[in-house]
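Heavy-atom basis, side chains included; hydrogens, waters and symmetry copies ignored.
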Amino acid sequence: NEAGVVACGFGTGIKHKAVPKALIHVAWNNRVPLFEIPFEIPFQNIERVVSEALVRDEYMEFHRTSIIQRSLIAAANSEDPVPSLLETSAISFGGWQAMLNTAGSVIRMSPHAPRETCKNVGLEFVERRETAHDRESPRTIDITHGTLSCHGCAITDGDGECIGLLVSGSHRRDDVSIRLLRTGTDLTADILSVVLGQRRILQKRMDLLRVGLIRYAMLGHVNAVKN
């Protein structure tokens with residue numbers, strides 16, 4: 001529910017012989033699982049089991065994140081990093097991914113990605129960023145699009161300027177899958193920020209070099225430029 005309550009355990013045997021009917025009624029109306037904890041079962045034992053489960057879940061999530069990071073770094077070092085990153089990331093959370101420009105137009109997609117859905121999610125991302133008003137434009141968003149869980153993340157350059165958008169979607173709606181969706185998307189956006197940022201820097205340098213060579217040729221040094 002809104003308070004983040006997953007379930008409620010009520011201890012009996014001290015002040016109450018049974019779970020109060022009022023509590024049962026509230027739990028039922030709010031769809032919160034309610035179970036009785038007899039006096040013979042110490043709360044300390046329950047806390048220990050829950051703590052161990054939380055630690056185990058945190059380790060598994062850290063392990064999954066590490067695997068995703070390694071696979072994305074390998075994809076970034078491939079000959080054509082952008083499509084490799086999109087495909088690798090999409091596989092990591094079992095869905096699709098697309099890179100868009102800042103206007104929301106699709107540039108590249110992972111295999112089997114629905115272009116129209118990618119476009120619609122991207123346009124909603126653009127609209128939310130543009131309607132942020134005085135607040136800073138959100139870097140990430142979560143969108144429910146039909147039966148899809150979607151997540152978007154801005155791709156930025158070294159100065160923090162948005163140079164593109166990354167949107168992802170999956171039909172898997174459980175908590176673990178949604179966390180993987182967000183993790184895969186955000187990590188990929190961070191890596192694309194570096195890859196595309198380096199490309200922009202290299203392109204600027206090439207443009208400056210090209211202008212310099214043209215000016216040098218116009219001064220009569222054509223042969224030197226050819227060489």
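Ala189 and Leu166 get closest at one heavy-atom pair: N-CD2, 3.6 Å. Heavy atoms only, all atoms of each residue included: Ala76 and Ile191 are closest at CB-CG2, 3.6 Å. Closest approach of Gly13 and Phe39 over heavy atoms only: CA-CB, 4.0 Å. Residues Gly169 and Leu148 approach most closely at C-CD2, 4.3 Å, considering heavy atoms. Nearest approach of Ser84 to Ser78, heavy atoms of both residues: OG-OG, 3.1 Å. Taking both residues in full, the closest heavy atoms of Ala98 and Cys118 are given as CB-SG, 3.6 Å, listed atom of the first, atom of the second, then distance.
Note that CG of Leu72 is 6.5 Å distant from OG of Ser92, once rounded to the nearest 0.5 Å. Distance check, rounded to the nearest 0.5 Å: CZ of Arg182 to CG of Leu180 gives 11.0 Å. Here the CD1 atom belonging to Ile178 is positioned 11.5 Å from the OG1 atom belonging to Thr183, to the nearest 0.5 angstrom. Separating the OG1 atom in Thr65 from the CG atom in Leu187 is a distance of 7.0 Å, to the nearest 0.5 Å. Annotation: the span from Asp186 atom CG to Leu181 atom CG amounts to 9.0 Å, rounded to 0.5 Å. Between the OG atom in Ser51 and the CZ atom in Arg56 there is a gap of 11.0 Å [rounded to 0.5 Å].
Take Arg64 and apply the salt bridge (Lys or Arg N to Asp or Glu O under 4.0 Å) test, not counting sequence neighbours, and it matches no residue. For the ring-ring contact (aromatic ring centres under 6.0 Å, His included) test, residues two or more places apart in sequence or in another chain that qualify with His16 are Phe10.
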query: How far apart are the C-alpha atoms of Ile163 and Thr102, what are their side-chain angles, what is the distance that settles it, and do they pass the side-chain contact (heavy atoms from CB on, under 4.5 Å) test?
result: CA-CA 6 Å; Ile163 57 176; Thr102 54; 5.5 Å; no
field: Verdict with supporting geometry, Glu87 and Ser110, side chain to side chain donor-acceptor pair (under 3.5 Å)
entry: CA-CA 5 Å; Glu87 182 174 0; Ser110 64; over 6 Å; no
task: Check step by step if side chain to side chain donor-acceptor pair (under 3.5 Å) holds for Ser168 and His151.
output: CA-CA 5 Å; Ser168 309; His151 183 71; over 6 Å; no
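Residues Leu192 and Met99 form a side-chain contact, since some pair of their non-hydrogen atoms from C-beta on lies under 4.5 Å apart. The shortest distance between side-chain heavy atoms of Met109 and Arg115 falls below 4.5 Å. In this structure, Trp28 and Val26 have side chains that are not in contact, with every pair of non-hydrogen atoms separated by 4.5 Å or more. Side-chain contact between Val167 and Trp96: present, with at least one pair of heavy atoms (C-beta onward) separated by less than 4.5 Å. A heavy-atom distance below 4.5 Å is found between the side chains of Leu23 and Leu34.
Taken together through direct or relayed side-chain contacts under 4.5 Å among Ile, Leu, Val, Met, Phe, Trp and Tyr, Ile107 and Leu86 form part of one hydrophobic cluster. In terms of hydrophobic clustering, with Ile, Leu, Val, Met, Phe, Trp and Tyr side chains grouped at heavy-atom distances under 4.5 Å, Ile143 and Ile155 are assigned to different clusters. Residues Ile141 and Val106 fall within the same hydrophobic cluster, defined by Ile, Leu, Val, Met, Phe, Trp and Tyr side chains chained together at heavy-atom separations under 4.5 Å. Transitive grouping of hydrophobic side chains (ILVMFWY, heavy atoms separated by less than 4.5 Å) keeps Val82 and Leu165 in distinct clusters.
Electrostatic pairing of Arg128 and Glu124 counts as a salt bridge here, judged by a charged N lying under 4.0 Å from a carboxylate O. A salt bridge links Arg139 with Asp190: at least one charged nitrogen is closer than 4.0 Å to a carboxylate oxygen.
When atom types are taken as modelled, the side chain of Ser193 and the backbone of Thr156 share a donor-acceptor pair closer than 3.5 angstrom. Ser105 places no side-chain N or O within 3.5 Å of a backbone atom of Asn101 that could act as its donor or acceptor partner. The closest donor-acceptor contact from the side chain of Asn45 to the backbone of Ile41 lies at 3.5 Å or more, if one exists at all. No donor-acceptor distance shorter than 3.5 angstrom exists from the side chain of Thr188 to the backbone of Ser89, with no hydrogens or angles considered. Using modelled atom types, one side-chain atom of Ser71 and one backbone atom of Ile68 make a donor-acceptor pair closer than 3.5 Å.
The number of heavy atoms from other shown groups lying within 6.0 Å of CD (Gln44) does not exceed 12.
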